[in-house]
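Worksheet for the structure shown next.
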Amino acid sequence: MKKGVILSINKRFVTLLTPEGEFLKTKRQERTYEVGEEITFSPFKPKVTLSFSSFHLSFKKRRCLV
């Protein structure tokens, strides 16, 4: 759990600034948020996905170098 000050709020996420100077996002919960409010939160960890297009581009680059 981390503490942070709310900078922005949208439909799915809340963006916060931590005392360490990090900008982090957390999933929005069923409660009222206010910009400037300090809250305790768990940072959102996005899933890493590998798409075919990024693999294909990196393969082309390697092929050109050989």
Side-chain angles (χ1 to χ4, degrees):
M1 296 294 274
K2 292 188 170 231
K3 273 191 175 183
V5 177
I6 298 174
L7 298 178
S8 68
I9 306 162
N10 66 26
K11 291 180 183 178
R12 296 180 56 210
F13 297 101
V14 177
T15 305
L16 301 110
L17 176 62
T18 67
E20 295 82 27
E22 298 174 291
F23 291 91
L24 299 174
K25 285 186 177 182
T26 188
K27 286 187 178 181
R28 190 171 175 174
Q29 304 293 318
E30 291 295 322
R31 60 166 288 223
T32 305
Y33 294 100
E34 275 190 46
V35 174
E37 177 183 2
E38 185 174 23
I39 63 169
T40 303
F41 67 99
S42 296
F44 172 70
K45 297 175 186 166
K47 294 179 184 177
V48 176
T49 59
L50 179 63
S51 67
F52 177 74
S53 61
S54 64
F55 173 75
H56 187 65
L57 285 174
S58 64
F59 182 74
K60 279 185 173 180
K61 288 177 187 175
R62 277 193 235 132
R63 189 172 173 190
C64 291
L65 294 174
V66 176

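Residue numbers start at 1 and run along the sequence shown. Every value quoted in this text rests on a predicted model; they were computed, and no experiment measured them.
Side chains of Lys11 and Arg28 form no contact here, defined as non-hydrogen atoms less than 4.5 Å apart. Proximity of Phe41 to Val14: side-chain heavy atoms (C-beta onward) are nowhere separated by under 4.5 Å. Using a 4.5 Å heavy-atom cutoff, the side chains of Lys25 and Pro43 are not in contact.
Formation of a donor-acceptor pair under 3.5 Å by the Thr18 side chain with backbone atoms of Gly4 is not found in this model.
In this structure, CD1 in Ile39 is found 12.0 Å from CD in Glu34, a value given to the nearest 0.5 Å. In this structure, the separation between CD on Glu37 and CG on Leu7 is 12.5 Å, given to the nearest 0.5 Å. Taking OH from Tyr33 and CG from Asn10, the interatomic distance works out to 11.0 Å, rounded to the nearest 0.5 Å.
Residue Phe13 belongs to a hydrophobic cluster whose other members are Phe44, with links defined by side-chain heavy atoms closer than 4.5 Å.
For the residue pair Lys2 and Leu24, the shortest heavy atom distance occurs at CD-CD1, 3.8 Å.
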